[in-house]
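Because the structure is a prediction, the values reported are computed rather than measured. To find a chain, count down the sequence lines: A is the first, B the second, and so on, and within it residues start at 1.
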Amino acid sequence: MRTLIQQRLAKLEELRKRGIEPYPYRFVQTHHAADIKAAYENLAATEAKVKAAGRLMSKRPHGKSCFGHMRDLTGDIQIYFKVDDLGSERFDLLDLIDIGDTIGVEGTVFKTRTGEITIRVSDYELLAKAIRPMPEKWHGLKDRETRYRQRYVDLAFNMDVREIFIRRAKTIRAMRKFLDERGFIEVETPVLQPIYGGGNAEPFTTYHKALDMSLYLRIADELYLKRLLVGGLERVYEISKDFRNEGMDRTHSPEFTQLELYQAYADYFDMMELFEQMMEYLALELTGSTEITYQGTKIDMRPPWRRLSIPEAVKRFADVDIETCTDDDLRRVCMKISDQDWQAAKRGTMIDEIIDHFVEPNLVEPTFLLDFPTETSPLAKVSRRDARFAERFEPYAFGIELGNAFSELNDPMRQLQNFRMQREDGKEIDYDFVRALQYGMPPAGGLGVGVDRLVMIFTNSHSIRDVILFPQMRPEPDLSEEFDGL
RNA sequence: GAGCGUGUAGCUCAGUCGGUAGAGCACCUGCCUUUUAAGCAGGAAGUCCUGGGUUCGAUUCCCAGCACGCUCACCA
């Protein structure tokens, strides 16, 4: 390692000695690799000069000529250096250019005997010297730890990883377009919150020096967005980072992206339709088809999605009738799942447990799971059909929970009551939110969507870490000694 | 938090039933003007994750730790 870096540093010095700046300021690109391939016929016929830039990926010297591949945003293109074209001084200088260096080339386009489109370089320029050795050309960088920690190397060498993040950007762009077209206003609400709410998750805590107060990083945007409905904004959404101080696994990251939207005068049925339509729209925008294959399973996103009530689902997958069974019956089922203490557990908590364990894994085809127990849904309206349940649903596909939605509770006194129940579990009440409801919030449907999870589905990624550029990691051992003596 | 797995050259990986380690690519030195996982010849490169223990001797066995992965638990 040390010697490899030293060798390259020596080349860097040699370049400077020959009056070449290894880190110049600017290069004007006229074509990307993909442009050149697309416009090949014309470029070759007119012998037009192209200027392309990128990272040198391979180098195959043959005495007085040299082939290589260069990679830019759009892909790879072969480049060909010849002593006849460059003169011996410029040609010999190639010895000081390493794989991994960023270079700019100028030249004409031709096809080699084997038919590969290639730039015949008439002049070239070093744009940035790389002094660290690159991963292997054939196998690339595989080590997951290095890929996550040094995502820049992962992106530079694994084109499919780039593709994931490009598609992620497209997903979010399409989401915005879909909502903007329907009259939604994009807003920004506080990340730093004095009281956290809108979920039951554990928050991250931080501290503001000037105000001498502790603050929470938001776990959800819900309570602020609903205040905007009180203010008359009618349709709002926010795409934001939320933070939850809890375990990590393939579908949970402590820092994740959520879409939350609220629509006045709508209920949760409207949210189901909106969600279905959005998923169909996204699938078509991203893949051109409503059929999505994820980890080997193919499903069709086309509306309408299956609607399955919790009582039905539990009956079907766990063989328990929660409409007639006693708390003790539920307790017995929960005991089978895990041997923790269920004696004091609330009915809603036990039903959640049964859903997690027996129902979720079965929700592979697109499904709305609806009518959750009221105890675990304090921000939702009670069902018009059955007062034991809330008008709430969660959309599922491939067994992954993709969101959460309700007919939003807008009765201030009932909301206060629900908050007071939660306070028994040590949760602070957001009185300002209740005050806002006292001014009157229109009836509304609300929907939260896990953006990272959508991206997982649309990119066939197994883990949420694969769709987050810099996933959270424990610190690596001290790097400073790698730099000692440099 | 628990169980299992992984950690060896810059990268991808072998290997040592306990005797201080190998391959391919990358790197260095030669030769080669349409090659392409270029080729040929020669060379250099390792704290075998860390710390203890057993042993004449540990990269290998044992214990503890660290990092990462998978599964489970936690998570409205």
Original post:
Does a distance-only test, which skips hydrogens and angles, find a donor-acceptor pair under 3.5 Å between the side chain of A:Gln78 and the base of B:U35?
Top reply: yes
**OP:** Tell me what A:Arg147 touches on the nucleic acid: a base, only sugar-phosphate, or nothing, going by heavy atoms under 4.0 Å.
**Re:** nothing
Subject >> Nearest-nucleotide pick for A:Glu116, side chain only, options being B:G69, B:C74, B:U36 >> reply: B:U36
Original post:
Is A:Ser65 side chain donor-acceptor paired with the B:U34 base, going by distance under 3.5 Å alone?
Top reply: no
Subject >> Rounded interatomic separation in angstrom, taking CD from A:Glu145 and P from B:C70 >> reply: 12 Å
Original post:
Expressed in angstrom and rounded to an integer, what is the separation of A:Met248 atom CE from B:G1 atom P?
Top reply: 13 Å
**OP:** Mind checking A:Lys59 for me? I need base, sugar-phosphate or nothing, with any heavy atom below 4.0 Å counting as a touch.
**Re:** nothing
**OP:** Kindly check if the number of other-residue, nucleotide or ligand heavy atoms within 6.0 Å of CZ (A:Arg250) is above 12?
**Re:** yes
Would you be so kind as to tabulate the donor-acceptor pairs closer than 3.5 Å made by side chains of residues 354-363 of chain A, with sequence neighbours excluded?
residue, atom, partner, partner atom, Å
A:Glu360, OE2, A:Tyr396, OH, 2.8
A:Asn362, ND2, A:Phe358, O, 2.6

**OP:** Pick base, sugar-phosphate or nothing for A:Pro61, based on heavy-atom distances below 4.0 Å to the nucleic acid.
**Re:** base
Original post:
Counting side-chain heavy atoms from C-beta on, which of B:U33, B:U36, B:U34 comes nearest to A:Arg60?
Top reply: B:U36
Subject >> Between A:Phe204 and A:Tyr216, ring centroids under 6.0 Å >> reply: no
Original post:
Of the candidate nucleotides B:G69, B:U33, B:U34, which contains the atom at the shortest distance from the side chain of A:Arg113?
Top reply: B:U34
Original post:
For A:Met159, does the CE atom sit with more than 12 other heavy atoms under 6.0 Å from it, leaving out its own atoms?
Top reply: yes
Original post:
For the rings on A:Phe406 and A:Tyr268, is their centre-to-centre separation under 6.0 Å?
Top reply: no
Original post:
Of the options A:Asp371, A:Thr367, A:Leu370, A:Val314, which is the one that meets A:Leu308 in a side-chain contact (heavy atoms from CB on, under 4.5 Å)?
Top reply: A:Thr367
Original post:
Looking for any heavy atom pair under 4.0 Å, which part of the strands does A:Gln6 touch: base, sugar-phosphate only, or nothing?
Top reply: nothing
Original post:
Under a 3.5 Å cut-off for both distances, is B:A26 Watson-Crick or wobble paired, and to whom?
Top reply: none
Original post:
Are A:Arg392 and A:Glu394 close enough for a salt bridge, meaning some N to O gap below 4.0 Å?
Top reply: yes
**OP:** Choose from B:C70, B:A67, B:U36 the nucleotide whose nearest atom is closest to any side-chain atom of A:His462.
**Re:** B:C70
Kindly give the atom pairs (protein nitrogen or oxygen, nucleotide nitrogen or oxygen) under 3.5 Å for nucleotides 8-15 of chain B.
residue, atom, partner, partner atom, Å
B:G10, OP1, A:Met1, N, 2.9
B:C11, O2', A:Glu136, N, 3.2
B:C11, O2', A:Gly140, O, 2.9
B:U12, OP1, A:Lys142, N, 3.0
B:U12, OP1, A:Asp143, N, 2.8

Original post:
For A:Ile99 and B:A37, what is the distance between atoms CD1 and P respectively, to the nearest whole Å?
Top reply: 14 Å
Original post:
Should A:Arg250 be listed as having a side-chain N or O under 4.0 Å from OP1 or OP2 of B:C70?
Top reply: no
**OP:** Check the distance between B:C74's P and A:Asp352's CG and give it to me in whole angstrom.
**Re:** 11 Å
Original post:
Taking atom P of B:A76 as reference, at what distance in whole Å does atom CD of A:Glu246 sit?
Top reply: 6 Å
Original post:
Out of B:A67, B:U35, B:U36, which nucleotide sits closest to the side chain of A:Arg149?
Top reply: B:A67
Subject >> Gap between atoms OH and P, on A:Tyr148 and B:U6 respectively (whole Å) >> reply: 19 Å
Original post:
Is A:Arg474 near enough to B:G65 that one of its side-chain N or O atoms lies under 4.0 angstrom from OP1 or OP2?
Top reply: no
**OP:** Return the value, rounded to whole Å, for the distance between atom CD of A:Glu202 and atom C1' of B:A76.
**Re:** 14 Å
